[in-house]
Participant: 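Dropping a structure here in structure tokens format, bear with me for questions.
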Number of protein chains: 2
Amino acid sequence: MQRKTSQRNAILDALRGAGRPMSAEDLTGLARTSVASLNRATVYRNLRLLIGAGRVRRLTHPELGPLYELADLDHHHHFHCRLCDRVFEIPGCALDVRIATPPGFRTDDHEVFLYGNCADCRG
Amino acid sequence: MQRKTSQRNAILDALRGAGRPMSAEDLTGLARTSVASLNRATVYRNLRLLIGAGRVRRLTHPELGPLYELADLDHHHHFHCRLCDRVFEIPGCALDVRIATPPGFRTDDHEVFLYGNCADCRG
DNA sequence: CTCCTAATGCAAATGCAGTCGCATTTGCAT
DNA sequence: ATGCAAATGCGACTGCATTTGCATTAGGAG
């Protein structure tokens with residue numbers, strides 16, 4: 001990642017603009033509004049680079065598969081609206097890890113996925 | 001699912017005996033201790049049948065991919081030991097869904113994945 | 001402005017979970 | 001004991017996310 005390219009900017013801008021995790025495909029579509037020629041392979045190559053550089057994080061959503069989000073976010077949960085299929089970043093942590101951890105185990109990390117309807121879709 | 005076959009029994013017994021969610025591949029390996037000829041396609045066909053009958057549940061683990069578990073379990077979390085790579089069913093729920101849900105949203109369901117080391121591996 | 005090489009676009013290729021067609025086996029009702 | 005449809009085993013095949021080979025384009029140091 002030594003040169004700055006319009007496609008890499010477009011990918012990062014798309015991620016920042018959306019403010020929510022997206023699939024590689026959605027991300028490609030969104031970034032194409034900036035760079036129309038943007039190719040899938042380029043997106044994947046840049047995602048790999050950006051993940052390596054600690055700027056992007058890849059997660060696997062149990063219902064939606066692989067999603068990409070900016071890495072400079074504090075710990076948060078993910079809410080999947082089953083109507084509009086968007087995933088929202090929910091700041092904060094409502095899990096009591098001490099209670100969640102069985103005796104003798106040590107929990108280093110965790111993920112929480114919420115499912116339901118977002119405010120827009122309930123309107 | 002009208003006839004009882006040794007392979008279907010082997011699959012269910014493997015799931016019961018292990019007491020934890022497993023990949024189709026691990027499940028096949030385990031069930032083969034009962035029915036050596038057991039084929040992958042048969043495992044998948046039976047899993048589909050059993051899921052349709054509400055006896056088995058399929059889940060996608062963010063780090064381990066698709067796993068299968070018995071469906072007659074109460075709500076629980078999943079603990080992934082990163083040393084032995086086993087997934088444990090953790091009974092109970094240490095998530096406060098009211099706190100976890102943003103204003104205006106409605107949460108119908110959720111999943112919690114814990115990561116760390118199990119009691120055996122910490123020994 | 002030039003040149004070197006990183007980065008891109010394209011299309012073909014991977015790897016993996018799961019599925020399908022078909023010949024053969026096997027529950028189980030009669 | 002018989003027969004038929006369900007179930008199995010096998011190997012080839014899908015679909016999807018991602019990767020790779022290669023020719024071309026384009027940052028940016030000099």
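Just so it is clear, the structure is predicted and the values come from calculations on it, not from any experiment. Per chain, numbering begins at 1; letters A, B, ... match sequence-line order.
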Participant: Whether the side chain of Asp26(A) engages the backbone of Met22(A) through a donor-acceptor N/O pair (distance < 3.5 Å, no angle test) should be reported.
Facilitator: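 Not at all, since once roles are kept as given, no pair shorter than 3.5 Å links the two residues.
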
Participant: What is the distance, rounded to the nearest whole Å, between atom CZ of Arg8(B) and atom P of dT26(C)?
Facilitator: 15 Å

Participant: Asn46(B) CG to dA6(D) C1': how many Å, rounded?
Facilitator: 11 Å

Participant: For Arg40(A) and Pro66(B), find the nucleotide of DNA chain C closest to each by heavy atoms; which residue's nucleotide sits nearer the 5' end?
Facilitator: Arg40(A)

Participant: Under 6.0 Å between ring centres, would you say that holds for His80(A) and His61(A)?
Facilitator: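 For His80(A) and His61(A), the ring centres are under 6.0 Å apart.
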
Participant: In whole angstrom, what separates Leu47(A)'s CG from dT18(D)'s P?
Facilitator: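 Value for this atom pair: 8 Å.
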
Participant: Rounded to whole angstroms, how far apart are CD1 on Ile11(B) and P on dA7(D)?
Facilitator: 12 Å

Participant: Is atom CZ of Arg98(B) surrounded by more than 12 heavy atoms (other residues, nucleotides or ligands) closer than 6.0 Å?
Facilitator: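 At most 12 heavy atoms, drawn from other residues, nucleotides or ligands, come within 6.0 Å of this atom.
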
Participant: Between Phe113(A) and His78(A), how do the two ring planes meet: parallel, tilted or perpendicular, split at 30° and 60°?
Facilitator: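 It falls in the parallel class, under 30°.
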
Participant: Enumerate donor-acceptor pairs with a distance under 3.5 Å from any side-chain N or O in residues 114-123 of chain B to protein atoms, sequence neighbours excluded.
Facilitator:
residue   : atom : partner   : partner atom : Å
Tyr115(B) : OH   : Glu111(A) : OE1          : 2.5
Asn117(B) : OD1  : Arg106(A) : NH2          : 2.5
Asp120(B) : OD2  : Arg86(B)  : NH2          : 2.9
Arg122(B) : NE   : Gly104(A) : O            : 3.1
Arg122(B) : NH2  : Gly104(A) : O            : 3.4

Participant: Between Thr42(B) and dG9(D), is there a side-chain N or O to OP1/OP2 distance below 4.0 Å?
Facilitator: yes

Participant: Which atom names give the shortest non-hydrogen contact between Tyr68(A) and Ser23(A), and what distance separates them?
Facilitator: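 The answer is CD1-C, 4.3 Å.
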
Participant: For DNA chain C, write out the stems as range with range, using runs of 3 or more consecutive Watson-Crick or G-U pairs with both distances under 3.5 Å.
Facilitator: C:1-30 with D:1-30

Participant: Grab the OH-P distance between Tyr68(A) and dA17(D) for me, whole Å please.
Facilitator: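 It is 10 Å, rounded to the nearest whole Å.
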
Participant: To the nearest Å, how far apart are Leu59(B) CG and dG18(C) P?
Facilitator: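 Taking CG of Leu59(B) and P of dG18(C), I get 11 Å after rounding.
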
Participant: Ignoring backbone atoms, establish whether Tyr44(A) has a side-chain N or O less than 4.0 Å from OP1 or OP2 of dT18(D).
Facilitator: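 Tyr44(A) to dT18(D) OP1/OP2: side-chain N or O found under 4.0 Å.
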
Participant: Measure the distance from CG on Asn9(B) to P on dA7(D) and round it to the nearest whole Å.
Facilitator: 13 Å

Participant: Across nucleotides 22-30 of chain D, 5' to 3', mark each nucleotide with B, S or - according to how protein heavy atoms within less than 4.0 Å reach it.
Facilitator: ----BBS--

Participant: Between dA7(D), dG9(D), dA11(C), which nucleotide gets closest to the side-chain atoms of Leu38(B)?
Facilitator: dG9(D)

Participant: Whole-Å distance between dC20(C) P and Asn39(B) CG?
Facilitator: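 After rounding, the reported distance stands at 15 Å.
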
Participant: Any idea which heavy atoms bring Ser6(A) and Val35(A) closest together, and the distance?
Facilitator: O-CG2, 3.8 Å

Participant: State plainly whether one hydrophobic cluster holds both Leu30(A) and Leu12(A), where clusters connect Ile, Leu, Val, Met, Phe, Trp and Tyr through side-chain heavy atoms under 4.5 angstrom apart.
Facilitator: yes

Participant: Does a donor on one side chain and an acceptor on the other come within less than 3.5 Å for His110(B) and His75(B)?
Facilitator: yes

